[in-house]
Number of protein chains: 2
Amino acid sequence: MAEKLTYSIAEIAAMCNVSKATVSRVINNNPQGVGKETRARVLKTIQQLNYRPNALARGVATSRSGMIGVVVPDVSNFFYPKLIRGITDCMDKKGYSVIIGNSDYDPKREAEQLLSMIDKRVDGIMLCSGVSNREFLSEFRKYHVPMGLVGRVFDSSLSDVSITGDNIKGAMKSAEYLIQSGKRRIVYAEGNPDISGSRQRMEGYRKAHEAAGIPVHEELILHGEYSIDCGRYMAMQLLENKVDFDAIMTGSDLIAIGIVFQLLKSGVRIPEDIEVIGFDDIELSRVIDPPLSTISKPHYDMAWHVADQLFKVIQGDPVPLPHATIEPQLVLRATTKKRRET
Amino acid sequence: MAEKLTYSIAEIAAMCNVSKATVSRVINNNPQGVGKETRARVLKTIQQLNYRPNALARGVATSRSGMIGVVVPDVSNFFYPKLIRGITDCMDKKGYSVIIGNSDYDPKREAEQLLSMIDKRVDGIMLCSGVSNREFLSEFRKYHVPMGLVGRVFDSSLSDVSITGDNIKGAMKSAEYLIQSGKRRIVYAEGNPDISGSRQRMEGYRKAHEAAGIPVHEELILHGEYSIDCGRYMAMQLLENKVDFDAIMTGSDLIAIGIVFQLLKSGVRIPEDIEVIGFDDIELSRVIDPPLSTISKPHYDMAWHVADQLFKVIQGDPVPLPHATIEPQLVLRATTKKRRET
DNA sequence: ATGAAAGCGCTAACAC
DNA sequence: GTGTTAGCGCTTTCAT
């Protein structure tokens with residue numbers, strides 16, 4: 001029946017013949033300091049009027065907004081939704097709202113998003129696959145906002161909590177597996193080489209070769225972008241240029257999926273002729289046909305974990321292990337041959 | 001060098017020997033009322049101190065938060081990220097931040113998200129594939145928050161702007177195409193039958209049959225959930241129960257994709273033996289192999305459009321055509337046979 | 001061009 | 001148990 005947008009604590013107070021303080025106590029479920037009977041009366045008119053406390057006002061009064069910011073490169077990239085869900089699920093449980101922003105891998109946009117969140121006085125920020133350089137990030141720390149990083153490491157001063165997959169080990173596992181299977185000309189297909197993760201995986205690829213005492217052929221190293229279409233294109237190039245290769249590993253499932261589809265289309269049999277191993281284990285990889293063998297990290301859980309840690313930081317609780325790195329697992333599905341356990 | 005989290009307008013004012021009002025004028029780029037020289041001075045210390053205006057305080061003063069809320073069933077469902085991107089891209093351009101919430105198709109959770117956004121005093125709400133009943137929605141309208149609906153229609157009083165694909169026509173196109181191809185036993189695989197979109201598509205399926213004067217076989221109508229795994233299961237059931245069918249249409253691409261993969265795996269040839277048509281045209285459908293024939297709506301653009309309209313509502317600008325319904329297109333890819341245009 | 005002051009809706013001492 | 005009061009950081013009207 002209300003004709004107003006929303007009532008204020010003062011109006012409620014007036015209607016109940018109590019002070020604003022009392023109403024405040026009631027809406028905050030403050031057990032102390034308000035009589036059973038008064039509380040009931042206040043509660044009732046709050047109910048009737050559909051009163052909703054103003055979180056903004058509360059925010060300026062307490063300097064805690066009840067919101068946290070999440071910035072990702074692109075919500076609509078297959079990789080990020082699961083991450084976001086991990087964060088929102090965790091924060092939901094804590095009573096926090098989540099503001100989201102896309103950077104499109106552009107440091108300038110990332111900075112804008114971050115700053116806009118500062119303006120909103122978010123209580124914490126989760127930065128996923130950030131592209132900012134350490135100079136900016138260290139500048140940014142001046143705002144003293146609790147900061148969680150997922151998918152990227154820096155010196156620990158640049159974030160309060162973080163988690164990251166061990167890209168080097170992940171890529172090594174992939175390469176080692178293929179090498180042990182007898183492969184000697186393994187294509188390595190990666191996305192943007194400027195991203196730290198790319199460089200680390202590349203390092204893993206090289207290390208595995210080195211350890212096995214077999215040479216790396218530079219012409220087998222491909223760079224493009226993190227997309228299925230790019231994978232398709234890479235596969236076409238490999239075939240067209242009659243490149244000599246006996247296996248493929250990638251820095252991203254999307255690339256691997258594109259490669260698999262394109263190779264299959266060209267009559268290459270997978271895994272009989274060529275084995276392919278992706279990286280990331282996005283949901284898509286499990287549901288496509290053939291299911292992709294890949295390097296797996298528990299994204300959802302990782303994101304949840306950092307969000308949970310970030311919450312502790314916000315609360316001022318101690319966080320014993322703020323910076324975790326988790327070792328990815330090789331998941332063998334249908335794009336690699338079945339073989340006995342070593 | 002700052003040791004504070006953030007400065008206030010008062011501090012800036014003091015340091016510059018001006019009043020808060022002047023600083024306020026400067027940070028709001030108010031062209032009037034502040035001398036060139038004073039403005040420069042204020043701007044300089046703002047710069048030096050990395051001052052950032054407090055959007056919360058601004059919000060309580062102006063009763064405009066600069067945020068809009070978006071609620072979807074599940075960010076990590078393949079269907080929603082593109083929608084969200086359309087909204088965030090549009091709102092970003094307007095200078096708005098976006099708060100996001102998941103409902104998991106649960107009216108209770110949806111209500112909680114909506115209410116939480118009211119608390120945050122969002123300037124508008126975009127509800128995607130909402131599951132609230134009209135009672136709640138009409139109750140909710142009491143808060144007078146500009147509301148945009150995407151993917152669902154109600155009487156126009158329940159939202160300020162909306163867009164929706166014509167589910168009936170979409171399903172009819174699908175069914176008509178198959179019928180004209182000579183199919184007489186078309187499986188219809190749908191998700192949750194309680195969702196309005198499901199019912200509408202079902203209606204399209206029946207109407208097409210009716211118009212063609214061919215009977216609907218109830219045993220060909222399947223219900224489950226909107227997922228690939230469910231599609232797989234449905235396909236197995238069809239085969240196991242030796243159901244007699246000659247084509248399949250679905251209410252969701254995810255279901256169709258699951259069906260296609262499973263059928264292929266069981267040796268059914270697609271499209272030679274069985275043709276399959278999905279619904280929605282999510283990105284996934286284009287990139288998998290075989291690419292899925294489906295009913296297409298431009299999600300990203302639809303979302304952007306409603307967001308843009310919502311912005312107008314917020315501004316108080318007139319919105320000539322607040323409620324749009326767009327006709328989906330049949331997109332023929334590899335899960336239907338090539339045939340001459342009719 | 002600039003300032004003083006009231007007010008937005010709430011919280012948090014402190015007093016009674 | 002309840003009220004008073006002084007902020008929180010900003011905008012905005014009205015003087016000057």
Side-chain angles (χ1 to χ4, degrees), chain A residues 2 4-43 45-46 49-67 95 118-123 143, chain B residues 2 4-43 45-46 49-67 116 118-123 143:
Chain A
K4 296 203 45 183
L5 299 82
T6 259
Y7 294 87
S8 75
I9 216 181
E11 296 174 290
I12 306 277
M15 305 181 95
C16 296
N17 291 312
V18 295
S19 71
K20 298 195 310 178
T22 300
V23 179
S24 175
R25 290 183 187 107
V26 172
I27 65 178
N28 287 305
N29 277 316
N30 205 322
Q32 302 288 330
V34 40
K36 197 165 155 49
E37 196 260 340
T38 336
R39 158 165 283 136
R41 184 155 37 99
V42 173
L43 241 23
T45 84
I46 282 180
L49 268 43
N50 284 123
Y51 165 80
R52 286 262 120 195
N54 185 327
L56 300 181
R58 202 175 246 176
V60 6
T62 60
S63 26
R64 314 211 300 97
S65 65
M67 307 189 292
I118 290 290
D119 294 354
K120 261 73 182 188
R121 295 302 188 268
V122 292
D123 297 330
Y143 294 109
Chain B
K4 296 203 48 185
L5 299 80
T6 260
Y7 294 87
S8 76
I9 216 180
E11 295 173 291
I12 307 275
M15 305 181 94
C16 297
N17 292 311
V18 296
S19 72
K20 298 194 310 177
T22 300
V23 178
S24 176
R25 291 186 186 104
V26 172
I27 65 178
N28 287 305
N29 277 317
N30 204 323
Q32 303 287 331
V34 41
K36 197 166 157 47
E37 195 260 339
T38 336
R39 160 165 281 135
R41 187 155 36 100
V42 173
L43 240 24
T45 83
I46 281 180
L49 267 44
N50 284 124
Y51 167 78
R52 287 260 120 196
N54 185 327
L56 300 181
R58 203 175 245 175
V60 7
T62 61
S63 24
R64 314 210 303 97
S65 65
M67 306 189 293
S116 151
I118 290 290
D119 294 354
K120 259 77 183 186
R121 296 300 188 267
V122 292
D123 296 330
Y143 295 109

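Bear in mind the structure is a predicted one, so any value in this text is a computation, not a measurement. To find a chain, count down the sequence lines: A is the first, B the second, and so on, and within it residues start at 1.
Between Met67(B) and Lys120(B) the shortest heavy-atom distance is CE-O, 3.6 Å. Heavy atoms only, all atoms of each residue included: Ile12(B) and Tyr7(B) are closest at CD1-CB, 4.4 Å.
When the nucleotides dC14(D), dC10(C), dG3(D) are ranked by their closest atom to the side chain of Arg25(B), dC14(D) comes out on top. You'll find that the side chain of Lys20(B) is closest to dT11(D), out of dG9(C), dT11(D), dC10(C). If you check dT11(C), dG9(D), dC8(D) against the side chain of Val60(A), the one that comes closest is dC8(D). Checked against dG3(D), dG7(C), dT12(D), the side chain of Val18(A) finds its nearest nucleotide in dG3(D). Distances were taken from every side-chain heavy atom of Thr22(A) (C-beta onward) to each of dC10(D), dT12(D), dG3(D); the shortest belongs to dG3(D). Across dG9(C), dT4(D), dC10(C), the shortest atom-to-atom separation from the side chain of Ile9(A) is found for dC10(C). Which of dC10(C), dG9(D), dT13(D) sits closest to the side chain of Tyr51(A) comes down to dC10(C). Closest to the side chain of Ser19(B), from the set dG9(C), dA4(C), dT11(D), is dA4(C).
At whole-Å resolution of the value, CG in Asn28(B) and P in dG9(D) are 17 Å apart. As a whole-Å value, the separation of Tyr7(A) OH from dC8(C) P is 16 Å. One atom, CD1 of Ile27(A), and another, C1' of dT11(C), lie 9 Å apart when rounded to the nearest Å. The CG atom of Asn30(B) sits 11 Å away from the P atom of dT13(D) (whole-angstrom rounding). Taking atom CG of residue Asp119(A) and atom P of nucleotide dG9(D), one finds them 15 Å apart after rounding to whole Å. In this structure, the CD atom of Glu11(B) is 7 Å from the P atom of dG9(D), given to the nearest Å. In this entry the distance linking NZ of Lys120(A) with P of dC8(D) reads 23 Å, nearest Å. Leu56(B) places its CG atom 13 Å from the P atom of dT11(C), with the value rounded to the nearest Å.
For Thr38(A) and dT2(D), the shortest distance from a side-chain N or O to OP1 or OP2 is below 4.0 Å. OP1 and OP2 of dC8(D) both lie 4.0 Å or more from every side-chain N or O belonging to Asn54(B).
Nucleic acid contact class of Ser24(B) (heavy atoms, under 4.0 Å, all strands): base. Counting any heavy atom pair closer than 4.0 Å across all strands shown, Gly35(A) reaches sugar-phosphate atoms only and no base atom. Nucleic acid contact for Ser63(A): none, since no nucleic acid atom lies under 4.0 Å from a heavy atom of the residue. Contact annotation for Asn17(B): backbone-only contact, meaning every heavy-atom pair under 4.0 Å involves sugar-phosphate atoms and none involves a base.
At least one side-chain heavy atom of Leu49(B) sits under 4.5 Å from a side-chain heavy atom of Met15(B). Considering only heavy atoms from C-beta on, Tyr51(A) comes within 4.5 Å of Ile27(A) through its side chain. The shortest distance between side-chain heavy atoms of Asn28(B) and Arg58(B) falls below 4.5 Å. With a 4.5 Å cut-off on side-chain heavy atoms, Val23(B) and Cys16(B) do not count as touching.
Judged by distance alone with a 3.5 Å cut-off, no donor-acceptor contact links the side chain of Arg121(B) to the base of dG9(C).
Each of Gln32(A) and Ala21(A) lies near DNA chain D, and the nucleotide nearest Gln32(A) is the one positioned closer to the 5' end. When each of Arg58(A) and Gly33(B) is assigned the nucleotide of DNA chain C bearing its nearest heavy atom, the one mapping closer to the 5' terminus is Gly33(B).
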